[in-house]
Amino acid sequence: MPSSARRLLDRTYERLLEREVGGAPSHVAVIQDGNRRYANEHGKEAADGHRAGAKTTERVLDWCADVGVEELTLYAFSTENFDRPPEENAHLFDLLDEKLREFADAERVHDREVSIRAIGETDRLPDHLRDAIEYAENRTRGYDRLRLNIALAYGGRAELLGAARDTARAVERGDLAPGDIDAGEIDRRLYEGPARDVDLIIRTGGDERTSNFLPWHANGNEAAVFFCTPYWPAFAKKDFLRAIRTYESRTESWRRTRARRALALVRAVGGAELDEARAIVDRFREYLPRRELERVEREGESAAAD
């Protein structure tokens with residue numbers, strides 16, 4: 001198919017998806033996979049793939065702002081990536097340094113009031129990159145319309161282990177009673193990271209795994225996951241919109257399931273539990289077929305009369 005026809009088809013598909021998308025997730029997390037494979041397939045160096053991927057990152061930031069995403073977390077460099085060839089990492093660190101400073105000074109970042117933060121074991125990064133992180137964070141510190149988290153030297157398992165060890169030390173010192181350990185206590189001992197639980201994880205490059213990314217913030221929230229085949233530099237707006245549509249479908253399914261459980265509860269119990277179940281049904285009634293609602297309402301009236 002000629003490239004012009006392909007572009008027209010893609011744009012038509014994008015417009016269709018835009019009409020289908022009704023509401024955006026609050027927090028999207030992205031595993032930007034495939035930069036090196038993209039470069040290899042195009043006969044280029046790994047650094048060229050990372051630079052092409054950085055352009056995609058800029059576009060995704062705009063797409064998130066356009067649809068109303070409030071927080072975007074990008075998996076830019078994992079703790080496992082330290083095992084890659086030093087020269088490759090040096091190129092990537094230079095690119096991250098450049099892009100962080102560029103983002104921090106970009107008009108669209110300030111126009112959209114984007115707050116930039118780095119999460120992870122940033123003390124393991126080169127000094128010049130840590131300086132760039134500090135510069136970007138300071139330049140955007142006062143914004144809160146869209147939060148951009150860059151996961152650098154990040155590892156989800158290491159994060160959870162660190163929080164567990166910190167909690168154990170607090171108990172050992174007598175600063176914390178075992179019975180007081182709850183989700184909030186663990187959350188406070190994690191990296192200073194995302195402000196919200198993750199609603200949607202996107203992974204490019206064809207692999208169907210979440211690679212130890214934000215396990216506390218994503219798994220605990222039962223985040224929707226969207227896997228797609230394009231390498232990160234080739235990730236297009238249509239792919240992004242398909243991911244949003246997947247999230248909406250997942251959310252609607254969850255609401256329908258919860259409403260049906262509430263319907264079952266209405267049939268089975270009375271008293272305060274019945275009132276709570278009816279409140280849930282009312283909240284999610286738009287996701288249930290009319291026949292189900294009418295049947296449970298008749299059953300509820302009959303139970304009340306008895």
Side-chain angles (χ1 to χ4, degrees), residues 1 3 6-18 20-21 24-78 81 92 95-96 98-100 102-103 106 108-109 112 114 116 146-152 154 198-211 213-214 218 223-250:
M1 180 182 294
S3 59
R6 169 59 65 183
R7 286 194 296 269
L8 177 60
L9 181 61
D10 286 347
R11 183 57 193 144
T12 302
Y13 185 40
E14 284 177 14
R15 286 198 294 267
L16 174 63
L17 290 170
E18 286 169 349
E20 291 181 350
V21 168
S26 294
H27 185 181
V28 175
V30 182
I31 302 172
Q32 307 157 279
D33 196 15
N35 290 325
R36 294 191 298 168
R37 284 177 286 164
Y38 176 88
N40 184 59
E41 287 190 3
H42 288 77
K44 298 182 178 181
E45 300 295 326
D48 298 312
H50 291 305
R51 186 165 294 278
K55 294 180 180 178
T56 300
T57 298
E58 296 174 16
R59 293 192 291 269
V60 169
L61 187 63
D62 290 336
W63 300 337
C64 284
D66 289 341
V67 302
V69 171
E70 298 176 49
E71 189 161 9
L72 172 66
T73 301
L74 302 174
Y75 206 175
F77 190 85
S78 72
N81 291 155
L92 179 55
L95 176 61
L96 287 166
E98 174 190 328
K99 288 301 178 180
L100 279 167
E102 182 181 306
F103 270 39
R108 71 172 179 277
V109 168
R112 295 186 182 278
V114 179
I116 301 174
L146 173 58
R147 177 169 175 149
L148 173 61
N149 305 310
I150 311 294
L152 293 168
Y154 177 87
V198 176
D199 299 306
L200 170 66
I201 294 179
I202 299 172
R203 178 168 188 147
T204 62
D207 283 344
E208 296 188 0
R209 52 195 172 90
T210 56
S211 293
F213 188 35
L214 298 173
V225 182
F226 178 77
F227 299 112
C228 59
T229 56
Y231 300 139
W232 179 243
F235 185 72
K237 188 174 183 179
K238 67 177 186 292
D239 302 310
F240 176 75
L241 292 171
R242 286 173 58 216
I244 300 295
R245 189 176 61 179
T246 296
Y247 158 78
E248 289 187 322
S249 176
R250 166 74 171 75

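Sequence positions, counted from 1, serve as the residue numbers for this chain.
- Between the CZ atom of F227 and the CG atom of D207 there is a distance of 9.0 Å, given to the nearest 0.5 Å.
- Formation of a donor-acceptor pair under 3.5 Å by the Y154 side chain with backbone atoms of A76 is not found in this model.
- No donor-acceptor pair under 3.5 Å is formed between the side chain of T204 and the backbone N or O of Q32.
- Under the salt bridge (charged side-chain N to carboxylate O under 4.0 Å, His left out) criterion, E58 pairs with K99, R108, not counting sequence neighbours.
- Minimum heavy-atom separation, P233 to G53: CG-N, 3.8 Å.
- Closest of all the heavy-atom pairs between A243 and L200 is O-CD2, 3.6 Å.
- When all heavy atoms of D199 and P25 are compared, the pair lying nearest together is CB-CB, 3.6 Å.
- Between R51 atom CZ and N35 atom CG the span is 12.0 Å, to the nearest 0.5 Å.
- By the 4.5 Å heavy-atom criterion applied to side chains, L61 and T57 are not counted as neighbours.
- Between N81 atom CG and Y75 atom OH the span is 7.5 Å, to the nearest 0.5 Å.
- When all heavy atoms of A24 and Y247 are compared, the pair lying nearest together is C-CE2, 4.0 Å.
- Of the options L148, I244, V114, V69, a side chain to side chain contact (heavy atoms under 4.5 Å, CB included) to C64 is made by V69 and by none of the others.
- Nearest heavy-atom pair across H27 and L72 is CD2-N, 4.3 Å.
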*Begin from the C-alpha positions of Y231 and E41 and carry the test side-chain contact (heavy atoms from CB on, under 4.5 Å) through to its verdict.*
CA-CA 11 Å; Y231 300 139; E41 287 190 3; 2.9 Å; yes
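- A pairwise comparison of heavy atoms in E71 and N149 identifies OE2-ND2, 2.8 Å as the closest pair.
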_R112 vs D66, test: salt bridge (Lys or Arg N to Asp or Glu O under 4.0 Å). Steps then yes/no._
CA-CA 10 Å; R112 295 186 182 278; D66 289 341; 3.2 Å; yes
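- Separating the CG atom in D33 from the OH atom in Y38 is a distance of 15.0 Å, to the nearest 0.5 Å.
- With values rounded to the nearest 0.5 angstrom, N40 atom CG is found 9.5 Å from E45 atom CD.
- Ring geometry, W63 versus F235: the interplanar angle falls from 30° to 60°, so the pair is classed tilted.
- The backbone N or O of E208 lies less than 3.5 Å from no partner atom in the side chain of R203, so there is not a single donor-acceptor pair.
- Ion pairing between R242 and D239 holds under the 4.0 Å rule for side-chain N and carboxylate O.
- Note that CG of D48 and CG of L95 are 10.5 Å apart. Values are rounded to the nearest 0.5 Å.
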